[in-house]
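Throughout, a chain's letter reflects where its sequence line sits, starting with A, and its residues are numbered from 1. Heavy-atom basis, side chains included; hydrogens, waters and symmetry copies ignored.
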Amino acid sequence: MTDASPIVKIRGLSFSRGNRKIFDGVDIDIHRGKVTAIMGPSGTGKTTLLRLIGGQLHPDAGTIHVDTQNVPDLSYRQLYALRKRMGMLFQNGALLTDMNVYDNVAFPLREHTRLNERLIRSLVLMKLEAVGLRGARDLMPSELSGGMSRRVALARAVAMDPMIMMYDEPFTGQDPISMGVVVRLIRTLNDALGLTSIIVSHDIAETAAIADHIYLLSGGKVVAQGSSKELDESDSEWAQQFMKGLPDGPVPFHYPAREFTEDLFDLDNASRGVRP
Amino acid sequence: MEYLQSLGHKGLSFFQRLGRGHILLANIVMGLHTLLPRLRLVLIQVFSVGVLSLIIILVSGLFVGMVLGLQGYNTLVDFGAEESLGVVVALSLVRELGPVVSALLFAGRAGSALTAEIGLMKATEQLSAMEMMAVDPVRRVLAPRFVAGVISMPLLAAIFSAVGVLGGYFVGVGLLGVDEGAYWSQMQSSVDLYDDIYNGVIKSIVFGIVVTWIAVFEGQDAIPTSEGVSRATTRTVVHSSLAVLGLDFVLTALMFGD
Ligand SMILES: Nc1ncnc2c1ncn2[C@@H]1O[C@H](COP(=O)(O)OP(=O)(O)OP(=O)(O)O)[C@@H](O)[C@H]1O
Ligand SMILES: [Mg+2]
C-alpha cells in the first residue's frame, strides 16, 4: 500500500483571482493510502485548491499531477475519466434538489454504470447505512438539516468507490455523535477501501486525530507541514499559532486591508466601502 | 474619457458573452448524440417546458382568435366580404400571431423558469458537483432542456393557431352569423400548405431554438447569487422577446417578401 510516489503531486502552483494571488508557488505531495489534511485560515484558498485538483479551475502556473497525469493538460475525455475516480464532498453538500436522498446517492451509479436497480438499491442502502441516514432515503434535500445534507453528500461521493476522496469541511455542522461517526467513517473508508483522502478543515482536534500528514496554508504558501505530532512540537510560529488557535501571530485573521484606524477616519470616502 | 472606457468595457463584455453563448450552443449540439439512448431525460423536460405551458397557450390562443374574429368581421362587413373571415383569421394566426405570440408567452412562462432553475443549480453548486462526479452538466442538464424547448415550441404554436381558429369560429359564426360553410371552405382553399403553414412552422422552430438557447445560456452564465439569478431571469424574458420580434421581421421579409 505504501507506494513511494505520491498520487497527487503539486509543484509551483500559482493561481490568482483578479489581482489577488491565492496561491504563489505551492508544492504539495499527497501519498497513496494516507489521509492528508489541508488546513489554514478561512479564505486562504483551500476550496480553491480542491477545485484545482479536480480540474474545475485552471492554474496560472505549475503542475498538478494526479496519478501521473497533469490535470491542467488533460483533454475533456481524459478529465472526465479521471473525475470518475475522484470523489468530492462539497462544503455545503450540493445535493441535487430535484431528487430525494435515495436518488441522489444513486445518481453517480446510474450515470456511470449499467447496474440493475436491485444492485443499485443494495449499494445505495449500504452507503446510506454507513452515514446513518438509511431511514431518510425518501426525504427531499430541502427537508434535511445542513449536517444531514453533508452526510448524504458523503454517501454520494463514495458511491463510486473512488481512488481519491476530497472532503471540504466534512465536520462543520455535525453534532458530537455524528462528528464521531464521520471521523471514523473517513478513516475506515480510507483504510478498508485503500483510498487516498484529502481533508480540508479548520477543526484541529478532529483533523489531527485522523490525518497522517498536515499542510498549513497561509498567504498563498505552505507555511508548515508534518504529522500532527510534528506540528504540535514544531517551533514554527505558524504551526504554533494555528494548532493552538491564538489570535496573534503570523497567520492573519483579517482579509487583507489597510490599517483599521486609517479606514475609520477616512471621511472623504465615508459614503462607500473602500478597498485597499 | 471614463465614459468611453466604460463603453468599451461594456462592448467587450457583450462580445465575450456572445462568444460564450455560441460556445455553449456548440457544446450542446456536439453532445446531442449522448441524449439518444436517454430520451427519457428529454421527455421529462418536454413535460415541464411544454406541457405545463399548455394552459396559457390554450387560453391566449382562444382569446386572440376571438378578437381576430371580432375585428376581422367589423372590417370585412363594410366591404360585404364577411365570408372571408375564416381566411383572415387563419392567415394572421398561422403566419404571424401563432408563432410570435406563443414564442413570447413561451419566453415568459418556460424561458424564465429554465433560467431560474439552471441559475439556482449553479448558485447552489449542483452543476459543480455534477462536474466533479464526472457528469457533464451541459449534456445532463442543459441539452435535454434545450431539445425539449425546440420540440415544444412548434407544437405549442400549432396548438395556439388551432385554438385561435376555433375562437374566431365561435365569434364569427356563432355570435355574428357568418356562414359556417364559407368560414371553413374559404379557409381551406386560401391557406397554402407550403407558403403559409410550413413558413409558420419554420418561424416557430427558429423562435424555439433562440428562446431556449437564450434561457439556457442565461442560466448557465448567471452570477451565482440570488440577485444574479433574478437579473438573468429578467434578461431571458427581455432578450428573447426582442429576439423573437426582430427575427420575425427578418423571417417574414425573407419568406413573404417577394
Ligand atoms: N468566484 C470567485 N471570484 C473571486 N474570488 C473568489 C471566488 N471564489 C473565491 N474567491 C476568493 O478566493 C479566496 C479563497 O477562497 P476559498 O473558497 O478557496 O477559501 P477557503 O480556504 O475554502 O475558505 P473557507 O475555509 O472559508 O471555506 C477567497 O479569499 C475568496 O475571496
Ligand atoms: Mg472553503
Nearest heavy atoms of A:Leu96 and B:Met130, plus distance in Å: CD2-CE, 3.7 Å
Working for side-chain contact (heavy atoms from CB on, under 4.5 Å), residues A:His112 and B:Val135: CA-CA 8 Å; A:His112 294 310; B:Val135 176; 3.8 Å; yes
Flag if over 12 foreign heavy atoms under 6.0 Å of CG, B:Leu36: yes
For A:Gln56 against B:Glu131, the heavy-atom pair lying closest together: NE2-OE1, 2.9 Å
Heavy atoms of other groups near A:Arg110 CZ, more than 12 under 6.0 Å: yes
B:His33 NE2: over 12 foreign heavy atoms closer than 6.0 Å: yes
Residue pair B:Ser128, A:Arg51: steps toward the side-chain contact (heavy atoms from CB on, under 4.5 Å) verdict: CA-CA 9 Å; B:Ser128 241; A:Arg51 286 185 190 276; 2.8 Å; yes
Among the listed options A:Arg83, A:Lys84, A:Met160, A:Met86, the residue most often paired with chain B at heavy-atom distances under 4.5 Å: A:Arg83
Flag if over 12 foreign heavy atoms under 6.0 Å of CD1, B:Ile223: no
Residues, nucleotides or ligands: over 12 heavy atoms within 6.0 Å of B:Tyr3 OH: no
Minimum heavy-atom distance B:Pro137-A:Tyr80, with the two atoms named: CD-OH, 4.0 Å
Side-chain ion pair, B:Arg139 and A:Glu111, N-O less than 4.0 Å: no
Rounded distance (nearest 0.5 Å) linking atom CE of B:Met133 with atom CG of A:Asn104: 7.5 Å
CZ/A:Arg121: more than 12 non-hydrogen atoms of other groups inside 6.0 Å: no
A:Phe90 side, atom CZ; B:Thr124 side, atom OG1 - distance, nearest 0.5 Å: 10.5 Å
More than 12 heavy atoms from other groups under 6.0 Å of CZ on B:Arg231: no
Top of A:Leu79, A:Leu82, A:Asn92 for chain B proximity - count of heavy-atom pairs under 4.5 angstrom: A:Asn92
Per-residue contact mode, A:Leu89 against chain B (heavy atom under 4.5 angstrom): neither
